Structures are given as C-alpha cells and as structure tokens.
Amino acid sequence: MKIASWNVNSLNVRLPHLEQWLRAFGPDVVGLQETKLEDHRFPDEALAALGYRSVFSGQKTYNGVAILARGPLQDVVVGIPGFEHEHRRAITATVDGIRIVNLYVVNGQAVGTDKYAFKLEWLAAVHAWLAQEIRDHPELVVLGDFNITPDARDVHDPAVWHDGHILSSVAERSALRALLDLGLHDGYRLAQPEGTEFSWWDYRQAAFRRNLGLRIDLTLVSDALRGSVVGAGIEREPRTWERPSDHAPAWVELAR
DNA sequence: ATGGTGGCGGAGCCA
C-alpha cells in the first residue's frame, strides 16, 4: 500500500501532472495540498476516470486539501475539530482501515510575525486533536506539507536554515517533535536513515537544478504501523517536468 | 538588504 503526499501548488494548473504521476506511480492513497480550488471546481470526475475516489476541502486562491484513494474514503473529517478558522488546511479519512490525516501546515512567513504565531497555534491545535485521533485509530498516517524541516539533514545549507530561521526554528521543530512524541515516526527516516533527498525547491535562482532544497513534505506512521513500513522516498521526476509544482511527491509504502 | 519565480487575479498577497 503506497501512501503519498504532494503539494501541487494549484490543482487547476497541475491536474495533467497529477494524472501522469498517478498513472506512472500508482499510489493507493494521495494527500494533496494547495489545490487552490473551490469544492465545486474539484476535478473528481477526471480522477475517478483514473480509478481514484476523492474527498476535498478547498477555497479560492489559497490553501485547499484533498485525499484520493482507490478504495472507499470513510469517516471524513474536514478541518481541525474545535479549532475553526477560514483556512482549508486539514482533511482526514479512513482508507482500508488506516486513518489518513492530510495537513497543509501554515508556512509562517518569518519568525516573530503574526503568521508565525498562528503557525504555532495551529500546530498546537493539531497536536491536541491528533492525541485523540491516535487513541481512536492506532493505525494512523499523518502526511502533508509540514513546512518544517525535521533537522539539519533535511536542509541544503544548515548555515541559512538554522534554529532561528523560518521552517527550521526551535519552536517549529519542537512542535514537530511533539507530534512525533504522540507515537509517530518519520517514514522517510525509517526507510532511509542516511537519506539526503529534498521535497521542495524554490522556483527562484535555479534552486532545483542546483539541488538547493528542503525536506518539508512528510509521511508519518504510527507505532502500530511502524513494522509494516517497507519503503519510503521522494519522487523527484515530476519536479523536472514543464511548469512543475515547487514540491515533489513524498511517499511511504506499507506491507499490506 | 534586496530580489530573485510562480499562482491567482488583475494590485498585491502568499509562498
């Protein structure tokens, strides 16, 4: 069972890329972020033609999340229960007995800004909610664009992406650590302890060609699923295509 | 310190 996460940065623009990649890679479950589409515009019929059902929560211009799966998507929850706001950044569903939480974590802009404070509030709300969710669903996968680099191995230049810098700051990494401490594990690190792949490269300054990237797109698996992980990786190829998303798909495979 | 690119929407915001 291959479970993937991809920030597509506009599904309107990237639907052909998604279709091509679904055909080539054949994931069983995919969490999408930054669809930037209102729900009535979501291309569920085009995806159904490829064998994927979908659930989605979107808005115009910003944010927007979806889960695609080959099988039924059950017990869907939109947003973070008890933490209401206008951003469409979270959607959850059960697929084949596995609870899938798909997150588009707040970017935070810069340390010390209002957006940064909101990022930490949002992550605290996610923590409180996942604490309950993992009790109710021990077989849990939390995936998405976390907008946090787990540690120095996950940045191209630790001198720039240091402990006071957005996406790498102490508070952000602590918030991610708190999620992991609920009983979750970074699928990529389980499968590739020495891996140095990135999942995001800035559009500017030829960052992809120079491999100036970060690993911020994660697939976390719960204790109950840890022993089932048979692989994990990042799909670099879609980032080489014409007019790509700035993110590459990150995936984990479970033996089931 | 600034601006570099891309999406959306049609100027400026967000990343």
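Heavy atoms only: backbone and side chains are in, while hydrogens, waters and symmetry mates are out. Reminder, nothing fancy here: chain letters follow the sequence lines and each chain counts from 1. It should be emphasised that the depicted structure is a prediction, and the values quoted were computed from it without experimental measurement.
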Reading DNA chain B from 5' onward, which residue's closest nucleotide shows up sooner: D145(A) or D202(A)?
D202(A)
Among L73(A), I3(A), T92(A), V142(A), side-chain contact (heavy atoms from CB on, under 4.5 Å) partner for I100(A)
I3(A)
Can a salt bridge be assigned to the pair D154(A) and R189(A) using a cut-off of 4.0 Å between side-chain N and carboxylate O?
yes
Does K36(A) make a cation-pi contact with Y62(A), if we ask for NZ or CZ under 6.0 Å from the ring centre and within 45° of the axis?
no
Only one of Y52(A), W241(A), W6(A) passes ring-ring contact (aromatic ring centres under 6.0 Å, His included) with W21(A), and that residue is W6(A)
Using heavy atoms and a sub-4.0 Å distance, could you list which residues of residues 151-161 of chain A are near DNA chain B? By number, please.
none
Take Y188(A) and W251(A) through the ring-ring contact (aromatic ring centres under 6.0 Å, His included) test and state the conclusion after the steps.
CA-CA 8 Å; Y188(A) 182 81; W251(A) 56 272; 9.1 Å; no
For atom CD of Q205(A) and atom C1' of dT2(B), their distance in whole Å
11 Å
P atom, dT2(B) versus dG6(B): distance in rounded Å?
23 Å
One thing to verify: whether D186(A) and R215(A) come together as a salt bridge, which I'm taking to mean a side-chain N less than 4.0 angstrom from a carboxylate O.
yes
N63(A) atom CG is separated from dA15(B) atom C1', nearest whole Å, by 11 Å
Please check: side-chain N/O of K119(A) versus main-chain N/O of N107(A), any donor-acceptor pairing under 3.5 Å?
yes
Sidechain N-carboxylate O distance under 4.0 Å for R70(A), D28(A):
yes
Rounded P spacing from dT5(B) to dG10(B) in Å
23 Å
Whole Å only: how far is the CG atom of L212(A) from the P atom of dG3(B)?
21 Å
Please report the C-alpha distance between T149(A) and S168(A) in whole Å, then the side-chain angles of each, then the deciding distance to 0.1 Å, and finally whether the side-chain hydrogen bond (donor to acceptor under 3.5 Å, both in side chains) criterion is met.
CA-CA 5 Å; T149(A) 58; S168(A) 300; 2.8 Å; yes
Distance check, P atoms only: dG3(B) and dC13(B), in whole angstrom units.
15 Å
Could you state the NE2-P distance from H165(A) to dA15(B), rounded to the nearest angstrom?
15 Å
From NE2 of H247(A) across to P of dT5(B) the rounded distance in Å is 18 Å
Taking NZ, NE, NH1 and NH2 as the nitrogens, is one of them in R99(A) or E139(A) under 4.0 Å from a carboxylate oxygen of the other?
no
Determine the contact category for R210(A): base if any of its heavy atoms lies under 4.0 Å from a base atom, sugar-phosphate if only primed atoms, P, OP1 or OP2 are that close, otherwise nothing.
nothing
Value in whole Å for how far the P atom of dC14(B) lies from CD1 of I166(A):
14 Å
Mind checking if Y104(A) touches a base, just sugar-phosphate, or nothing, with heavy atoms under 4.0 Å?
sugar-phosphate
Using the C1' atom as the reference point in each nucleotide, state the distance between dA15(B) and dG4(B) in Å, no decimals.
14 Å
Take the protein atom CZ of R89(A) and the nucleotide atom C1' of dC14(B), then report the distance between them rounded to whole Å.
10 Å
Nearest-angstrom distance from the residue atom CG of N7(A) to C1' of dC14(B):
12 Å
Indicate for each nucleotide in nucleotides 6-13 of chain B, in 5' to 3' sequence, whether protein heavy atoms under 4.0 Å reach the base (B), only the sugar-phosphate (S), or nothing (-).
SSSS---B
